[in-house]
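In what follows, chains carry the letters A, B, and so on, assigned in the order in which the sequence lines appear, proteins first and then strands, with residues in each chain numbered from 1. Every heavy atom of this structure was used, including side-chain atoms; hydrogens, water molecules and symmetry mates were not.
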Amino acid sequence: MSALQPVRGTRDILPEEMRRQRAVIETAREIAERYGYLEMATPVFEFTEVFKRTLGDTSDIVTKEMYTFSMKEGEQITLRPENTAGVARALMSGGLSQQLPLKFFYAGPMFRHERPQKGRQRQFHQFGAELLGVPKAQGDIELIALGAHILTGLGVYENTSLELNTLGDSDSRTAYRAALVEYFSEHRADLSNDSQDRLERNPLRILDSKNEGDRKIVAGAPVFGDYLNTESQDFFATVKEGLEALGIAYNLNPRLVRGLDYYCHTAFEFTTDLLGAQSAVLAGGRYDGLVETMGGPSTPGVGWAAGIERLSMLMDKEIPAPRPIAVIPVGQATEATALTLAHTLRHAGYGIELGFSGNVGKRMKRANKLGARAAVLLGEDELAKQSATIRDLDSGEQELVSLDAVVEYLVRYR
RNA sequence: GUGGCUGUAGCUCAGUUGGUUAGAGCGCCGGUUUGUGGUACCGGAGGUCGCGGGUUCAAGUCCCGUUAGCCACCCCA
């Protein structure tokens, strides 16, 4: 371990990658606002209890992935591993439940102490959307449509597929879970160690096991469809019809389950096969029980979160840096004029690069390396005529322009 | 947390059966061109061979540990 290297699972986001991530966020932000969602932010850390109660004491995230700290006062706080719990907490803290329905979106860093691999870091960033106070399937449809729209806006929709499932309401889920536990308990000895563990903690997860032996047993397991009550079936049917009406294709995937306890009804995941094992890029579902679990008023909710790094990796295009205009003084005598000219141009809205040192050749080189669109050369000859030489760095053509006219002349390079 | 692969200049990599001053391309800096960039030519800087032990007359090359990355499991965005 060296103090000079970043902590495992973290990395610096340098300008090139930053531009991509910013493009992801800004595209998502713009589209979310079209759907009436408003941006908000919750703190990066919360009382540990917030996550423990909502994610469930047995989830992997709570049992082994949280960054938890003890404060001097004896309080336990945790860096957020996801943002839905924080939004739900904010709903109660701020008395916002008087204003339902509410549509929020957020973007920011999340922290999970997992083993890093491609598309998975310990500090990563999510963009998410939450719809609170809407119990109807129309909410689920809108949210999935929003997710699909953002993926389209990023140009990655074609590289993803939408996996869809229902977890039913709590009655259906309880009945199904009981049936699963009974079935798997009979085959307990033949299950993998992981799945024996799942049997205790989250039996639905066994359905999603990649272990071959497990899969054979899963093949004979009870099917959720048989345990869905009429209400749950109708709800799911409405979601599917809505997606079809919007032309959003989906694959029914009965093995798609959620690791987080508060999900019910719709569960969905936009996945890709371009990121190795970390295939989910935007995933979520309905969580009608969440707010109540936290001790708030019964409040239905639907939401999803997307991995910003994963989306950035999927977008293969380079985002070019903005092209500045270089202001270059030629000789000591013109530096003062260059400084004020740069100042004026910046206030007029131009991106100006004013070198700090070097002769004309060096400054031109630097301007070129930065991708400058044009260079404004200020020498004593020009100064005598109250003018500047403006060189187009793409064509190589240059022209003498009066200092009063520079702001207007440069409009062509906007 | 488990298993496998990898770690040589800023980047991508080459380094024969362990053997004298560790190489290339790109990038960087300088020069040809001290009022004009991109191309070309010339020159230069830059390496505790991830880190720590060990074996050996001798280790970038072999062994052990450790750390980081990657891949899979797990989990998930």
Worksheet item: Nearest to the side chain of A:K369 - B:C29, B:G30, B:C74?
Response: B:C29
Worksheet item: Distance between the P atoms of B:G15 and B:C28, in whole angstroms?
Response: 27 Å
Worksheet item: According to the salt bridge (Lys or Arg N to Asp or Glu O under 4.0 Å) rule, which pairs have a member within residues 392-414 of chain A, sequence neighbours left out?
Response: A:R323-A:D394, A:R373-A:D392, A:R373-A:D394
Practice prompt. Name the closest nucleotide to the A:Q126 side chain, picking from B:C73, B:A77, B:G69.
Written response: B:A77
Pick out the pairs of N or O atoms, protein on one side and nucleotides 34-36 of chain B on the other, that lie under 3.5 Å.
from  : atom 1 : to     : atom 2 : distance (Å)
B:G35 : O6     : A:E380 : N      : 3.4
B:G35 : O6     : A:D381 : N      : 2.9
B:G35 : O6     : A:D381 : OD1    : 3.3
B:G35 : O6     : A:D381 : OD2    : 3.1
B:G35 : N1     : A:E382 : OE1    : 2.7
B:G35 : N1     : A:E382 : OE2    : 3.2
B:G35 : N2     : A:E382 : OE1    : 3.4
B:G35 : N2     : A:E382 : OE2    : 2.3
B:U36 : O2     : A:R391 : NE     : 3.4
B:U36 : N3     : A:Q398 : OE1    : 3.2
B:U36 : O4     : A:Q398 : NE2    : 3.3

Worksheet item: Between A:F270 and A:D208, which has a closest nucleotide on RNA chain B that is more 5'?
Response: A:D208
Worksheet item: If you look at every strand shown and take non-hydrogen atoms under 4.0 Å, does A:A367 touch a base, only sugar-phosphate, or nothing?
Response: nothing
Practice prompt. Round to the nearest Å and state the distance from A:R366 atom CZ to B:G30 atom P.
Written response: 12 Å
Worksheet item: Roughly how far apart, to the nearest Å, are B:G18 and B:U2 at atom C1'?
Response: 34 Å
Worksheet entry | Separation of atom CG in A:D12 from atom P in B:G69, rounded to whole Å | 12 Å
Discussion item. As a test of reading the structure: which of B:A77, B:G30, B:C71 is closest to the side chain of A:K118, going by heavy atoms?
Written reply: B:C71
Discussion item. Determine whether A:V281 and A:V156 satisfy the following criterion, side-chain contact (heavy atoms from CB on, under 4.5 Å), listing intermediate values before the conclusion.
Written reply: CA-CA 10 Å; A:V281 294; A:V156 305; over 6 Å; no
Worksheet entry | Nearest-angstrom distance, P atom, B:C70 to B:A58 | 38 Å
Worksheet item: Under 4.0 angstrom, heavy atoms only, what part of the nucleic acid is A:G331 near: base, sugar-phosphate, or nothing?
Response: nothing
Worksheet, complete the sentence: Rounded to whole Å, CD of A:Q117 lies from C1' of B:A68 at a distance of 15 Å
N/O-N/O pairs, protein side and nucleotides 1-5 of chain B side, under 3.5 Å:
from : atom 1 : to     : atom 2 : distance (Å)
B:U2 : O4     : A:R115 : NH1    : 2.7
B:G3 : O6     : A:R115 : NH2    : 3.3

Discussion item. Give me the distance, rounded to whole Å, that separates B:G25 from B:U21 when you measure between the C1' atoms they each carry.
Written reply: 23 Å
Worksheet item: If you measure from the P atom in B:C42 to the same atom in B:U6, how many Å do you get, rounded?
Response: 39 Å
Worksheet entry | Separation of the P atoms in B:G3 and B:C74, to the nearest angstrom | 16 Å
Worksheet item: With a 4.0 Å cut-off on heavy atoms, is A:L393 in touch with a base, just the backbone sugar-phosphate, or nothing at all?
Response: base
Response to the item:
Taking B:G38, B:G69, B:A77 as options, the one with an atom nearest any side-chain atom of A:K365 is B:G38
Worksheet, complete the sentence: Rounded to whole Å, the CG-P distance (A:L275 to B:C70) equals 13 Å
Worksheet item: If you measure from the Lys or Arg side-chain nitrogens to the Asp or Glu carboxylate oxygens, is any gap between A:E212 and A:K216 under 4.0 Å?
Response: no
Response to the item:
Those residues at least two apart in sequence (or on a different chain) that pass side-chain hydrogen bond (donor to acceptor under 3.5 Å, both in side chains) with A:R188 are A:E200
Fill in: Backbone of A:P81 reached by a side-chain donor or acceptor of A:R112 within 3.5 Å
yes
Item to complete: Figure out the CZ/P separation between A:R112 and B:C74, and round it to whole Å.
Response: 17 Å
Practice prompt. Would you please name every residue forming a side-chain contact (heavy atoms from CB on, under 4.5 Å) with A:A175, sequence neighbours left out?
Written response: A:Y227
Worksheet item: So what does A:G358 hit on the nucleic acid, given a heavy-atom distance under 4.0 Å: a base, only sugar-phosphate, or nothing?
Response: nothing
Item to complete: Report which part of the nucleic acid A:G119 touches: base, sugar-phosphate, or nothing (heavy-atom distance under 4.0 Å, all strands).
Response: base
Practice prompt. Would you kindly check whether a donor in the side chain of A:N368 faces an acceptor in the base of B:G38, or vice versa, at under 3.5 angstrom?
Written response: no
Worksheet item: Just how far, in rounded Å, is C1' of B:G38 from CG of A:L370?
Response: 13 Å
Pairs under 3.5 angstrom only: tabulate donor-acceptor contacts from the side chains of residues 361-370 of chain A to other protein residues two or more places apart or in another chain.
from   : atom 1 : to     : atom 2 : distance (Å)
A:R363 : NE     : A:G358 : O      : 2.8
A:R363 : NH1    : A:G355 : O      : 3.1

Worksheet item: Hey, does A:N193 reach any base, or is it just sugar-phosphate, or nothing, if we go heavy atoms under 4.0 Å?
Response: nothing
Worksheet item: Can you pull the salt bridge (Lys or Arg N to Asp or Glu O under 4.0 Å) pairs that have at least one residue in residues 135-147 of chain A, sequence neighbours excluded?
Response: A:K103-A:E142, A:D140-A:R286
Worksheet item: Got a sec, which residues hit side-chain hydrogen bond (donor to acceptor under 3.5 Å, both in side chains) with A:E380, two or more places apart in sequence or on another chain?
Response: none
Worksheet item: Can A:E49 and A:K52 be counted as an ion pair, charged N to O under 4.0 angstrom?
Response: no
Practice prompt. For the pair A:S209 (side chain) and A:I206 (backbone), establish whether a donor and an acceptor sit closer than 3.5 Å, ignoring hydrogens and angles.
Written response: no
Practice prompt. List in chain and number order the residues that pass side-chain hydrogen bond (donor to acceptor under 3.5 Å, both in side chains) with A:Y250, two or more places apart in sequence or in another chain; answer none if no residue qualifies.
Written response: A:E244
Item to complete: Would you please name every residue forming a ring pair (Phe, Tyr, Trp, His ring centres under 6.0 Å) with A:F127, sequence neighbours left out?
Response: A:F105
Worksheet item: When rounded to the nearest Å, what value does the distance between C1' atoms of B:G10 and B:C5 take?
Response: 25 Å
Practice prompt. Send over the distance from A:R323 CZ to B:G37 C1', rounded to a whole Å.
Written response: 12 Å
Discussion item. Give me each pair satisfying salt bridge (Lys or Arg N to Asp or Glu O under 4.0 Å) with a member in residues 151-172 of chain A, each pair once, sequence neighbours excluded.
Written reply: none
Fill in: Stem list, RNA chain B (Watson-Crick or G-U pairing under 3.5 Å, at least 3 consecutive pairs)
B:1-7 with B:67-73, B:10-13 with B:23-26, B:28-32 with B:40-44, B:50-54 with B:62-66
Fill in: Nearest-Å distance once atom C1' is located in both B:U8 and B:G23
10 Å
Worksheet item: Rounded to the nearest Å, what distance is computed from the CZ atom of residue A:R8 to the P atom of nucleotide B:U66?
Response: 13 Å
